[in-house]
Amino acid sequence: MKTIIKTIDKNNIDIESISIAADILRSGGLVAFPTETVYGLGANALNEKAVSGIFAAKGRPSDNPLIVHVSNIDMVKDLVNNIPELALKLMEMFWPGPLTLIMEKSSRVPEIITAGLSTVAVRMPSHPIALKIIEESKVPVAAPSANISGKPSPTEAKHVIEDLMGKVELIIDGGSSQIGLESTVLDLTVSPPMILRPGGITKEQLEEVIGKVNIDRSILLDRQADLKPKAPGMKYTHYSPDADVIIIEGNVEACVEKIKELVTDYEEKGIPVGILATEQTKEKYTRGVVMSLGDREKPDIIASNLFKGLRYLDNKGVKVILAEAVENAGVGLAVMNRMKKAAGYNIIKVGD
Ligand code: TXA
Ligand code: MG
């Protein structure tokens, strides 16, 4: 298939390109577009055949349900039988934005979207290009992250091009995704509501609006859970670059020392190594390909650079990536969740 690439300036949106995207979606095609979290691969959520194209293009297992994206709250009424009171409060506070809500689905939502579950995941993105495309297409848009299943999610159009060129009708380049990690997924069908995937909206922020919120236990563990994660997608290998990722966790000085020792060991064996460092530590490394994820006191910045860093080091051809852990709180919980998955829970703990 020939893939068209179009660049759109998010501050000066070219309506003609948006109409092309909307036409493709309405006629059952696939469009990759930027959102504020990561790039999404969109199809008309009400068209089963179009949605099956998403699974094919990504190589995604069919038991992993998709998020349906809307451009206004009215569109949610078609997708669920009843919008719970708590959902309305959360929509008011956090939509448009990086929060996905799980609710009981209506009969209009095809089974292929929900992988046979009785619930559906819904989100209103805040990225102006994403919103315009959904609005213009006048249909709800199913959109997983626009990567090959298992790879780090794309935060720039060039990542999408690496993964999906020739597999989709249109890729829209709208610059970098600002948040850089996927949305927080919150299950509203249980009480208290439960975070199934940590993201840019933190537990603390949610609790300010709706009171007690739980976190799925498998997210808090340091090893692949025997527990069955409640978001089906969380059980798969994820966010994995080609290189092996190892996390080094502990106080910062001890981490740096351990990483230096490991880099030397690997390089002496002829194995090229990449390091995911921070602004505070990057100058301490004299060997290996060093990429700083940003100021370790600013988890938002670290979050926005993580997937990009993994892809960057992969493209440099390193075989091993040594990653400094960051604080496991607030947005850092989402960062460490993605990092642990990328590492397949390969974590070395050093002196505290
Ligand atoms: O930020 C995001 O959410 C991005 C952008 C493109 O919007 N999308 C995204 O989609 O990350 P995806 O497909 O990569 O992740 C969807 C997650 C998966 O972990 C999936 O299992 C979970 O949401 N999910 C979807 N529907 C669900 C449901 N009914 N119940 C529980 N989990 C669900
Ligand atoms: Mg994904």
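Each ligand, and each atom within it, is numbered from 1 in the order the structure gives.
With Asp300 contributing its side chain and Ile179 its backbone, the two residues share no donor-acceptor pair below 3.5 Å. Judged by distance alone, the side chain of Ser292 and the main-chain N or O of Glu279 form a donor-acceptor pair under 3.5 Å. Formation of a donor-acceptor pair under 3.5 Å by the Asn147 side chain with backbone atoms of Asp163 is not found in this model.
Residue contacts with ligand 1 for Glu36 are absent, since no atom lies close enough (heavy atoms, distance under 4.0 Å). When heavy-atom distances to ligand 1 are checked against a 4.0 Å cut-off, Asn64 comes that close only through its side chain, counted from C-beta outward. Counting heavy atoms closer than 4.0 Å to ligand 1, residue Lys105 contributes nothing at all.
Glu162 pairs by the side chain to side chain donor-acceptor pair (under 3.5 Å) definition with Arg311, Asn315, not counting sequence neighbours.
Of the candidates Thr35, Ile102, Ile54, Ile179, Ile102 brings a heavy atom nearest to atom 28 (C) of ligand 1.
Salt-bridge formation is detected for the pair Glu261/Lys258: a Lys NZ or Arg NE/NH1/NH2 atom is positioned less than 4.0 Å from an Asp or Glu carboxylate oxygen. Between Arg197 and Asp216, none of the side-chain N atoms (NZ, or NE/NH1/NH2) sits under 4.0 Å from a carboxylate O, so this pair counts as no salt bridge.
The atoms of ligand 1 that sit less than 4.0 Å from any heavy atom of Thr119 are 28 (C), 29 (N), 30 (N). Near Leu117, the atoms of ligand 1 lying under 4.0 angstrom from a non-hydrogen atom of the residue are 28 (C), 29 (N), 30 (N). Less than 4.0 angstrom separates some heavy atom of Thr37 from each of these atoms of ligand 1: 1 (O), 2 (C), 4 (C), 5 (C). Ligand 1 places these atoms under 4.0 Å from at least one heavy atom of Ser183: 1 (O), 2 (C), 3 (O). Close contacts between ligand 1 and Ser145 involve ligand atoms 8 (N), 9 (C), 10 (O), 12 (P), 14 (O) [criterion: under 4.0 Å to a heavy atom]. Of all atoms in ligand 1, numbered sequentially from 1 with element shown, those under 4.0 Å from a heavy atom of Ala143 are 6 (C), 8 (N), 10 (O). Taking every non-hydrogen atom of Leu196 and a distance limit under 4.0 Å, the qualifying atoms of ligand 1 come out as 31 (C).
The neighbour count for Glu267 CD, taken as heavy atoms of other residues, nucleotides or ligands under 6.0 Å away, is above 12. Open room surrounds CD on Glu85; 12 or fewer heavy atoms of other groups in view lie less than 6.0 Å from it. The neighbour count for Lys203 NZ, taken as heavy atoms of other residues, nucleotides or ligands under 6.0 Å away, is above 12.
Hydrophobic cluster membership differs between Ile67 and Leu188, with clusters built from Ile, Leu, Val, Met, Phe, Trp and Tyr side chains linked at under 4.5 angstrom.
Between Ile67 and ligand 1 there is a heavy-atom distance shorter than 4.0 Å.
In this model, a donor atom of one side chain and an acceptor atom of the other lie less than 3.5 Å apart for Thr278 and Glu324. In the model, Thr100 has a side-chain atom that pairs as donor or acceptor with a side-chain atom of Ser183 under 3.5 Å.
Around the Mg ion (ligand 2), protein N, O or S atoms at less than 2.8 Å number 1.
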